[in-house]
Amino acid sequence: MASQAGDERLMISERVAPGMLPRVLNSFDMTIIFVAIVLFIVNSSAIQQAHQAAFTYWILGFLLFLIPGALVTAQLGQMFPQEGSLYVWTQKALGPFWGFFAGFCAWWPGILVMVATGDAVVTLWQFVDTGGLPKAWEQGLVILAVLWFSAFMSMLRLRMTQSYANVAVVFYGAAIFVIGLAGILWLIGDGHSATGGWGTASNWSIHSGQWTWFGFVILALLGIEVPLNMGVEIVHMRSIKKYLFWGSIVVMFAYLWTTLGTMLALPAAKSVGNTTDILGAVQVGFFGSHAFAVVIGLVLIWFFVSNTIVYNYSFSRLLFVSGLEQRMPSAFGRVNEKTKVPVYAIVAQTVLSSIFVVAIFNPWVASNNTQKAYWLFQAAVTVIWCISMVLLFADIFLVKRAFPQKFEEVRAAHPYVLYASGVIGMLASAFGAYVTFRSPWTSLFTVQHWRIWLAVLCGVSVLAAVVIYAISEFVHRREAPRPTPTPA
């Protein structure tokens with residue numbers, strides 16, 4: 001029985017993928033991918049509504065989710081540095097069904113996030129060009145352009161695409177620094193913060209009415225394991241620890257810095273969570289210069305276009321592994337002979353994202369769907385992704401039991417620290433999903449409508465994973481055994 005369980009947990013992709021994909025990613029590349037995936041700086045605008053408690057929530061998110069997640073990911077990534085990250089780790093821990101289920105729950109949010117990043121481009125453009133893109137179909141065309149540009153760039157050689165992303169993220173970092181600096185300049189010039197109550201202890205405290213902000217913070221920190229979707233494309237395994245360390249440092253500093261800058265320059269009491277508050281802070285802090293705020297807005301637009309590219313190529317690797325494992329169409333498990341990237345997987349997920357865009361941003365719906373769709377998709381991403389993160393944190397216990405020797409060989413921290421990280425991370429992920437359902441992130445929804453739409457999106461997503469796996473099992477049992485794919 002033990003031998004049979006071991007055979008079930010062996011994966012075709014482990015043997016085949018290393019021969020199909022080139023090793024081109026170094027430590028800096030991995031850190032850039034981590035920052036591009038995790039650091040959605042517009043979240044610093046939305047969390048202004050929590051006032052000084054925003055900093056309490058950020059710190060709780062870092063301690064209860066980001067840091068435990070980095071430790072667990074470092075351990076699992078070094079044990080199994082394969083293509084597909086969570087898909088592989090969970091199959092090793094629990095077998096093929098849970099491996100596919102975890103992989104699907106880690107991949108599907110990428111489809112929704114690419115719509116959300118395109119929507120962020122629209123919102124930022126409406127700050128740059130006041131009154132621009134007033135109609136839903138115009139917004140949809142922009143999002144579709146972002147999606148298909150990301151597909152085009154993702155289908156180039158990874159080294160070329162990654163070099164482009166590196167430049168965009170460096171400029172993004174400069175823009176983030178400017179956002180925080182705007183608050184400091186306002187404080188120096190005006191002599192006081194636009195947001196009061198810094199010395200009032202109750203403003204920093206959290207209570208049940210604000211728990212939904214913890215779910216929002218979890219959303220802002222999701223994606224820790226995504227760079228390891230490209231595990232066999234990493235040049236040196238030491239890059240795993242480096243990107244997790246430096247990426248986490250950058251993310252923690254950036255969120256605190258921009259939240260502070262925005263809160264110093266703009267009164268948090270008047271915030272309604274607009275994603276462009278960070279640009280408003282730049283305008284106010286830099287002596288009322290709308291032109292300078294527009295420049296920073298254009299940099300952020302460039303980043304979110306580039307960020308969509310990073311999402312597209314990194315999430316396509318999960319679909320690629322599903323194709324190799326014959327859980328999805330086998331075409332997804334092929335790479336282009338010249339570029340060595342999974343073109344079919346990239347096109348498929350871009351088409352899926354485009355379907356969502358066409359369904360929502362069309363001439364028959366109201367233009368205020370931009371913000372509604374953005375927050376609903378972000379919330380659905382949080383819940384579905386949190387499900388996969390619960391499995392990720394649980395994996396640390398199960399792989400220790402199944403692979404004790406390998407666990408000790410690459411130990412990222414003391415076992416008790418890893419176990420504590422696993423327990424804390426599971427609880428934080430589950431609680432993040434719960435509070436996301438509990439109340440809406442925006443006043444555009446009633447509580448009832450928020451829960452209904454979120455339940456529909458998440459329920460259909462989970463059901464799709466189960467149905468796809470069941471179909472693949474049915475097909476496998478009816479078909480004659482096929483030869484295992486071999487590396488190109």
Legend entry - Over 12 foreign heavy atoms within 6.0 Å of CH2, Trp148: yes
Inset, instruction - Using modelled atom types only, decide if a donor and an acceptor are shared between the side chain of Gln349 and the backbone of Ile111 within a distance under 3.5 Å. - result: no
Legend entry - Donor-acceptor contact below 3.5 Å, side chain Tyr255 vs main chain Phe40: yes
Inset, instruction - Take the angle between the ring planes of Trp257 and Phe253 and call it parallel below 30°, perpendicular above 60°, tilted in between. - result: parallel
Inset, instruction - Taking atom types as modelled, find out whether Ser306 and Tyr164 have a side-chain donor-acceptor pair closer than 3.5 angstrom. - result: yes
Inset, instruction - Look only at the side chain of Thr258 and the backbone of Ile176, and say whether a donor-acceptor pair between them is shorter than 3.5 Å. - result: no
Inset, instruction - Pick out which of Val295, Ile296, Leu181 makes a side-chain contact (heavy atoms from CB on, under 4.5 Å) with Phe286. - result: Leu181
Inset, instruction - Determine the interplanar angle of the Trp302 and Phe171 rings, folded into 0 to 90°, and report it as parallel if under 30°, tilted if 30 to 60°, perpendicular if over 60°. - result: tilted
Legend entry - Tyr434 and Trp211 aromatic centres sub-6.0 Å: no
Report, one line per pair, each donor and acceptor closer than 3.5 Å where one atom sits in a side chain of residues 381-388; sequence neighbours left out.
from: Thr382; atom 1: OG1; to: Gln378; atom 2: O; distance (Å): 2.9
from: Trp385; atom 1: NE1; to: Glu225; atom 2: OE2; distance (Å): 3.2
from: Ser388; atom 1: OG; to: Trp385; atom 2: O; distance (Å): 2.6

Inset, instruction - Indicate yes or no for a side-chain donor-acceptor contact from Gln75 to the backbone of Ala413 under 3.5 Å, with no hydrogens or angles considered. - result: no
Inset, instruction - Report yes if the distance between the aromatic ring centroids of Phe104 and Trp107 is under 6.0 Å, otherwise no. - result: yes
Inset, instruction - Assign the ring pair Tyr419 / Phe397 to parallel, tilted or perpendicular, where the plane angle (0 to 90°) is split at 30° and 60°. - result: parallel
Inset, instruction - Fit a plane to each ring of Phe127 and His290, take the angle between them on a 0 to 90° scale, and name the class: parallel (under 30°), tilted (30 to 60°) or perpendicular (over 60°). - result: tilted
Inset, instruction - Mind checking side-chain contact (heavy atoms from CB on, under 4.5 Å) for Leu427 and listing every partner two or more places apart, or none if nothing turns up? - result: Val423
Legend entry - Close side-chain approach of Trp198 and Asn203, heavy atoms under 4.5 Å: no
Legend entry - Side-chain donor or acceptor of Asn274 paired with backbone N/O of Thr276 under 3.5 Å: no
Inset, instruction - Using the side-chain hydrogen bond (donor to acceptor under 3.5 Å, both in side chains) rule, take Ser461 and Trp108 through it: C-alpha gap first, then chi angles, then the decisive distance, then the call. - result: CA-CA 8 Å; Ser461 301; Trp108 184 244; 2.7 Å; yes
Inset, instruction - Measure from the side-chain N and O atoms of Arg159 to the backbone N and O of Val24, and report whether any donor-acceptor pair falls under 3.5 Å. - result: yes
Legend entry - Check: Glu233 side chain, Leu25 main-chain N or O, donor-acceptor pair, under 3.5 Å: no
Legend entry - Backbone N/O of Ala268 and side chain of Ser271: donor-acceptor pair under 3.5 Å: no
